Structures are given as C-alpha cells and as structure tokens.
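Below: one structure, written as structure tokens.
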Amino acid sequence: MDTRSPAHVGIIMDGNGRWAQSRGQSRPQGHLEGLKAAKRIVKAASDRGIPYLTLYTFSTENWKRDVEEVSFIMALVRRYLRAELDFYRENGIRIRHAGDPSRLPQDIAEELQRACEDTRDFKGTQVVLALNYGGRDEIVRAANRALAGAPFADGGARFTEALIRSCLDNPDVPDPDLIIRTAGEFRISNFLLWEAAYAEYYISDKFWPDFSDGDLETALDRYAARDRRYGGLRGGKGPAA
Ligand code: FPP
C-alpha cells in the first residue's frame with residue numbers, strides 16, 4: 001500500500017454552530033448542513049479509496065448541550081442511518097460504531113446495530129461513526145473488558161499495550177494516520193486518545209459545513225508530504241509492534 005496515502009482518516013467535524021451563527025441561522029441549521037458535508041466527504045473518501053474514515057459525530061461530553069440540540073443531532077443520525085442504505089450498497093461502504101451504545105436512545109442504538117449488520121460484508125471504505133464516544137471512556141471500557149477476560153482469570157496477568165488494544169471498540173481498525181479538525185481549533189477533544197498516539201494532524205480554518213472535497217484533497221496532500229518518524233529517525237519505518 002502507498003504509505004503516503006493514509007489508511008485511516010479521523011475527522012473532528014467542528015464549527016456547525018459558528019457556520020449557522022455567521023449566517024444568522026439557528027444551530028440546528030448548522031448541523032443539517034454538517035450532515036450534508038459528512039455525506040459529501042464520505043463519498044469523496046470512498047471514491048479516493050480511503051480504507052477507514054472515523055467521523056466524530058457525538059461525544060460523551062456533547063450531552064451537556066441543550067436537550068433540543070441533542071434531540072436534533074440524534075434525529076439527524078437516525079435519518080442518516082435509515083436513509084442511506086442504498087448509498088452504502090452502491091459504494092460498498094461498511095458502517096461501524098465506536099463509543100458506548102448503552103446511553104444512546106434505544107431506537108438509535110438499534111438502527112446503528114442494524115446498519116452495521118446490513119453493511120458488514122461490504123468491502124469498500126469502512127465508516128466508523130463515533131457516537132457517544134469519548135477517548136477516555138473507550139480506554140476505561142477496554143480496561144474493564146480486559147479485566148473481565150480470560151488473561152486475568154488466574155490472577156497472574158498484567159496489562160499490556162497489546163491487551164488494551166485488543167479490547168478497544170474496533171480492535172481490527174488500524175490507528176488513524178491523519179486527523180483532520182475543522183473550524184481552526186487546535187484541540188484533540190477526547191477523540192481517539194489511545195489510537196492517535198502517532199497520528200498526523202491537519203487543521204482547517206473552514207467551518208465543517210463548508211469543508212469540501214478539495215479541502216480533503218489538500219489535507220491528503222499535506223499528509224503525503226509529512227515525514228513520519230514514530231519517535232525514531234528520519235525515514236524510519238512504522239510504529240513499534
Ligand atoms: C460540531 O459543531 C458538530 C457536532 C457536535 C455534531 C456533528 C454532527 C453532524 C455533523 C451531523 C450528523 C452527522 C452524521 C455523520 C450522522 P459545533 O456544534 O460544536 O460547532 P460550534 O463549535 O461552532 O458551536
């Protein structure tokens with residue numbers, strides 16, 4: 001595989017509210033345009049043959065928002081999961097989930113599970129929806145899964161990186177190579193904390209609803225020019241096993 005093309009891109013889709021505010025529109029209007037942008041970028045990533053794309057859709061901290069805004073975002077997610085099966089099929093897109101489903105509205109958790117099952121065998125881009133997702137929460141849940149598993153049963157096991165990794169939400173998904181954040185913020189905001197240890201970052205000043213296919217191309221071009229050293233020397237190969 002061409003190592004200058006990322007296997008996994010994560011996106012922190014920020015700036016829906018500011019996009020709306022800058023036009024005198026409501027925050028929900030911004031999220032609606034944000035959904036259109038998400039669809040556009042999923043298609044672009046699929047056309048570009050990017051194997052994995054993680055979209056930070058709703059964090060464990062986003063519950064602090066007004067109940068109306070949370071309900072609106074959940075309604076968008078519901079609509080996205082229900083209406084797009086033909087699109088997933090046509091483009092071979094597999095839907096996956098990262099995050100804790102237990103706090104999601106039951107119908108959304110069920111739709112999510114159904115979308116994951118219906119697309120399980122599709123061989124194109126795998127789109128991971130980070131929904132009720134927090135990086136710290138994922139690590140805590142992984143540690144608890146590890147504790148509940150066989151290696152600890154005899155009392156002799158220790159935590160290892162490999163063990164924690166095998167207990168993450170999607171252990172077979174490679175770590176993100178590139179994380180894009182929109183709206184000009186230089187923050188990780190609890191996104192893929194474990195997985196992003198050696199990710200490259202690209203910050204766009206654009207609000208998420210304005211993020212275009214061309215902006216994705218620019219991010220990928222910038223990524224291709226980076227020298228990834230994984231703590232080693234120039235031209236070094238890959239992260240430690
Ligand atoms: C960040 O903008 C955006 C969110 C918290 C919600 C993201 C949701 C969508 C894009 C719609 C659903 C998408 C899918 C893939 C189902 P913000 O509200 O934090 O913006 P602000 O910082 O300008 O207020």
Side-chain angles (χ1 to χ4, degrees), residues 9-46 50 52-88 91 93-99 101 103-105 107-116 118-119 125-135 137 170 179-192 203-213 215-216:
V9 177
I11 307 186
I12 302 176
M13 307 180 287
D14 196 13
N16 292 350
R18 279 165 282 174
W19 181 92
Q21 195 178 18
S22 71
R23 284 167 171 72
Q25 296 179 10
S26 66
R27 292 183 60 82
Q29 194 61 37
H31 293 313
L32 195 57
E33 291 301 316
L35 176 62
K36 291 182 193 165
K39 287 159 91 168
R40 195 164 64 230
I41 295 304
V42 166
K43 177 78 171 88
S46 163
I50 293 172
Y52 300 90
L53 176 70
T54 297
L55 297 177
Y56 203 7
T57 306
F58 193 86
S59 76
T60 45
E61 288 70 40
N62 285 152
W63 299 105
K64 294 178 197 159
R65 297 184 179 207
D66 285 353
V67 67
E68 291 80 16
E69 182 168 349
V70 170
S71 303
F72 191 85
I73 294 173
M74 289 298 155
L76 284 185
V77 170
R78 192 179 292 116
R79 186 196 302 182
Y80 182 72
L81 290 170
R82 273 194 197 149
E84 303 296 330
L85 190 58
D86 286 345
F87 169 76
Y88 305 146
N91 293 279
I93 289 168
R94 177 175 173 188
I95 297 293
R96 303 186 64 166
H97 176 229
R103 203 181 160 191
L104 289 171
D107 67 319
I108 302 251
E110 286 170 7
E111 291 286 351
L112 195 52
Q113 201 181 352
R114 187 172 314 142
C116 292
D118 288 350
T119 62
T125 297
Q126 300 194 25
V127 175
V128 184
L129 295 177
L131 202 52
N132 191 30
Y133 177 86
D137 182 65
N170 293 291
I179 292 184
I180 297 171
R181 182 167 188 149
T182 56
E185 306 287 358
F186 288 72
R187 280 196 290 275
I188 188 73
S189 299
N190 208 10
F191 184 51
L192 300 179
I203 309 296
S204 167
D205 282 334
K206 288 201 179 167
F207 296 138
W208 173 247
D210 288 331
F211 196 76
S212 66
D213 299 14
D215 295 318
L216 178 66

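All figures in this text were calculated on a predicted structure; none of them were measured in a lab. Read the numbers this way: they start at 1 and go in the same order the structure lists the ligands and their atoms.
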**OP:** Under the salt bridge (Lys or Arg N to Asp or Glu O under 4.0 Å) rule, collect the residues that match up with Asp213, sequence neighbours excluded.
**Re:**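 Checked Asp213 against salt bridge (Lys or Arg N to Asp or Glu O under 4.0 Å); zero matches.
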
Subject >> Other residues, nucleotides, ligands: >12 heavy atoms within 6.0 Å of Glu61 CD >> reply: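 It does: Glu61 CD has more than 12 such atoms within range.
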
Original post:
Above 12 or not: heavy atoms from other molecules or residues under 6.0 Å from CZ of Arg79?
Top reply: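 Check fails, neighbour count at 12 or below.
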
Subject >> Donor + acceptor pair across side chains of Arg103, Asn132 (<3.5 Å) >> reply: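 The answer is no; no qualifying pair exists.
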
**OP:** Would you check if Tyr80 and Val42 make a side-chain contact, meaning some heavy-atom pair closer than 4.5 Å?
**Re:**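 A side-chain contact under 4.5 Å exists here.
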
Any protein N or O within less than 3.5 Å of an N or O in ligand 1? List each pair with its distance, or say none.
{"residue": "ligand 1", "atom": "2 (O)", "partner": "Gly15", "partner atom": "N", "Å": "3.4"}
{"residue": "ligand 1", "atom": "2 (O)", "partner": "Asn16", "partner atom": "N", "Å": "3.3"}
{"residue": "ligand 1", "atom": "18 (O)", "partner": "Arg27", "partner atom": "NH2", "Å": "2.9"}
{"residue": "ligand 1", "atom": "18 (O)", "partner": "Arg65", "partner atom": "NH1", "Å": "2.8"}
{"residue": "ligand 1", "atom": "19 (O)", "partner": "Asp14", "partner atom": "OD1", "Å": "3.4"}
{"residue": "ligand 1", "atom": "19 (O)", "partner": "Arg65", "partner atom": "NH2", "Å": "2.8"}
{"residue": "ligand 1", "atom": "20 (O)", "partner": "Gly15", "partner atom": "N", "Å": "3.4"}
{"residue": "ligand 1", "atom": "20 (O)", "partner": "Asn16", "partner atom": "N", "Å": "3.2"}
{"residue": "ligand 1", "atom": "20 (O)", "partner": "Gly17", "partner atom": "N", "Å": "3.0"}
{"residue": "ligand 1", "atom": "22 (O)", "partner": "Asp14", "partner atom": "OD1", "Å": "3.1"}
{"residue": "ligand 1", "atom": "22 (O)", "partner": "Arg18", "partner atom": "NH2", "Å": "3.0"}
{"residue": "ligand 1", "atom": "23 (O)", "partner": "Gly17", "partner atom": "N", "Å": "3.4"}
{"residue": "ligand 1", "atom": "23 (O)", "partner": "Arg18", "partner atom": "N", "Å": "2.8"}
{"residue": "ligand 1", "atom": "23 (O)", "partner": "Arg18", "partner atom": "NE", "Å": "2.8"}
{"residue": "ligand 1", "atom": "24 (O)", "partner": "Arg27", "partner atom": "NH1", "Å": "3.0"}
{"residue": "ligand 1", "atom": "24 (O)", "partner": "Arg27", "partner atom": "NH2", "Å": "3.1"}

**OP:** Classify the ring geometry between Tyr56 and Phe191 as parallel (under 30°), tilted (30 to 60°) or perpendicular (over 60°).
**Re:**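 The rings of Tyr56 and Phe191 lie parallel, inter-plane angle below 30°.
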
